[in-house]
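Bear in mind the structure is a predicted one, so any value in this text is a computation, not a measurement.
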Amino acid sequence: AHRSLDRLLEAFDSPLPVRRVAAQEEFLRRGPTVAPALRKALSKTTLSEGRQTWATWTLGRIAERDPAGDAWFERQAADPKASLNLRLQSVRIVAHRRAARPASEALPVVIESLLTNREPRLRFEAIQALGRVPTVSARSAVPALLEALAHEADPTVFYAGWQTLRVLQDPGALRPLLADARPGVRRAALLALLEDHALPEADVRRHSTDADPAVKAIANQWIEKATGEGPSLMVRGRPVSGTSANQNTASDLGAEPKDL
């Protein structure tokens, strides 16, 4: 039977995944003609978070190469009056749609702009988006990412940031950042290089006296783990003194956050 759009939207609140999936597939089958109805539904503040999420992603999967659709999601992601959930889903969809385009296309401006948003969950999603879009376009945001890392106080966001920096920049581009005037940038570069075993012990030792306590602590912990110097450390419930330097990564040093 031909179900009304309202009935299809109601199915997004069903506790049964099969009904939510079936409703989404029916929307997708009908195609761009249902996009206005989905946008109208998403403008309502009374939607449950579940219905809003399903409706947003359904709309995001319709006409994925349509610039007008891209612009709509970019506006939602940037709109401080939109619900946080709609903004978060919109950032993910912007990245999802951009990932399907040629690598030469520019990075959506909203991704870079959200790297310094006041809301940590939006900053986190913007950083994650850099890892989802083609690397060529994401690299254009490296200066903005470095500036964000210089001031990032949330440990989960900082972790996501240096891991993304590690993906976007090779060791040759990361090493000069160890001399950056911004402590947060030096810390991110050090963690990224240590994660990939791309820094000789002598270079790590040079940072064991860094003016920034966090950078200094990372370098000294790495040295203690790699050489057995200093007191034994306990990381993730196992002894680490005497561990081979080749097995010593930044994540082992407690750089990985406990919870997202």
Side-chain angles (χ1 to χ4, degrees), residues 95 98-99 103-104 106-107 111-117 120 123-227 229 233 235 240 243-257 260:
R98 175 62 189 84
S104 58
L107 181 76
I111 294 177
E112 185 172 323
S113 69
L114 290 175
L115 290 172
T116 53
N117 191 271
R123 298 198 302 274
F124 178 82
E125 288 301 333
I127 288 171
Q128 292 291 91
L130 290 178
R132 296 188 183 111
V133 303
T135 301
V136 172
S137 62
R139 282 189 177 133
S140 67
V142 166
L145 176 60
L146 293 175
E147 185 60 23
L149 287 169
H151 303 286
E152 185 55 64
D154 185 286
T156 300
V157 179
F158 188 82
Y159 175 80
W162 71 257
Q163 285 284 11
T164 297
L165 180 67
R166 169 176 161 255
V167 171
L168 298 180
Q169 301 283 268
D170 61 30
L174 289 170
R175 288 191 190 99
L177 298 177
L178 293 173
D180 195 283
R182 298 164 292 184
V185 172
R186 295 201 303 278
R187 180 158 51 107
L190 181 59
L191 288 166
L193 287 164
L194 292 177
E195 184 77 358
D196 286 335
H197 316 290
L199 204 60
E201 182 181 331
D203 290 348
V204 180
R205 286 185 179 278
R206 278 196 284 273
H207 294 280
S208 66
T209 56
D210 193 279
D212 180 66
V215 175
K216 180 179 178 179
I218 291 167
N220 282 319
Q221 287 180 35
W222 186 93
I223 292 167
E224 290 171 358
K225 279 195 63 182
T227 67
E229 296 177 13
L233 298 178
V235 179
V240 297
T243 301
S244 168
N246 290 332
Q247 297 176 327
N248 189 13
T249 68
S251 294
D252 291 330
L253 301 177
E256 184 175 359
L260 291 177

Item to complete: Work out which heavy atom in Pro143 is nearest to a heavy atom in Ser140; give both atom names and the distance.
Response: CD-O, 3.7 Å
Response to the item:
Hits for side chain to side chain donor-acceptor pair (under 3.5 Å) against Arg123, two or more places apart or cross-chain, chain-then-number order -> Glu152
Worksheet item: Looking only at heavy atoms, which two atoms of Ala160 and Phe124 are closest? And how far apart?
Response: CB-CE1, 3.6 Å
Worksheet entry | Separation between CZ of Arg187 and CG of Asp210, rounded to the nearest 0.5 Å | 11.0 Å
Item to complete: Write down the atom of Ala106, the atom of Ser137, and the distance for their closest heavy-atom approach.
Response: C-CB, 4.4 Å
Item to complete: Nearest 0.5 Å please: distance from the CD atom of Glu112 over to the CG atom of Leu114.
Response: 10.5 Å
Practice prompt. Mind running side chain to side chain contact (heavy atoms under 4.5 Å, CB included) on Thr116 and Glu147 for me, showing each step along the way?
Written response: CA-CA 9 Å; Thr116 53; Glu147 185 60 23; 5.5 Å; no
Fill in: Flag, side chain of Arg98 to backbone of Ala103, donor-acceptor distance under 3.5 Å
yes
Practice prompt. Under the side chain to side chain contact (heavy atoms under 4.5 Å, CB included) rule, what do Gln169 and Leu145 come out as? Steps first, then yes or no, please.
Written response: CA-CA 12 Å; Gln169 301 283 268; Leu145 176 60; over 6 Å; no
Discussion item. Using 0.5 Å steps for rounding, measure from the CD1 atom of Ile127 to the OH atom of Tyr159.
Written reply: 12.5 Å
Worksheet item: Can you name the residues that form a side chain to side chain contact (heavy atoms under 4.5 Å, CB included) with Pro200, not counting sequence neighbours?
Response: Asp203
Item to complete: Hey, could you give me the CG/CZ distance between Leu177 and Arg182, rounded to the nearest 0.5 Å?
Response: 8.0 Å
Worksheet entry | Taking every non-hydrogen atom, the tightest pair across Glu201 and Thr227 | OE2-CG2, 3.6 Å
Discussion item. Working note: Leu115 + Leu130, criterion side chain to side chain contact (heavy atoms under 4.5 Å, CB included); need CA distance, chi angles, decisive distance, verdict.
Written reply: CA-CA 10 Å; Leu115 290 172; Leu130 290 178; 4.2 Å; yes
Worksheet item: Say you draw a straight line from CG of Asp170 to CG of Leu193; how long is it, rounded to the nearest 0.5 Å?
Response: 9.5 Å
Discussion item. Using every non-hydrogen atom in the two residues, find where Leu107 and Ala138 come nearest and quote the distance to one decimal.
Written reply: CD1-CA, 4.4 Å
Practice prompt. First locate atom CG of Leu165, then atom CG of Leu174, and finally report the distance between them rounded to the nearest 0.5 Å.
Written response: 5.0 Å
Discussion item. Tell me the closest heavy-atom pair linking Leu149 and Gly161, and the distance in Å.
Written reply: CD2-CA, 3.8 Å
Fill in: Partner of Ile218 under side chain to side chain contact (heavy atoms under 4.5 Å, CB included), chosen from Ile223, Asp212, Leu190
Leu190
Fill in: Ser113: side chain to side chain contact (heavy atoms under 4.5 Å, CB included) partners, not counting sequence neighbours
Val110
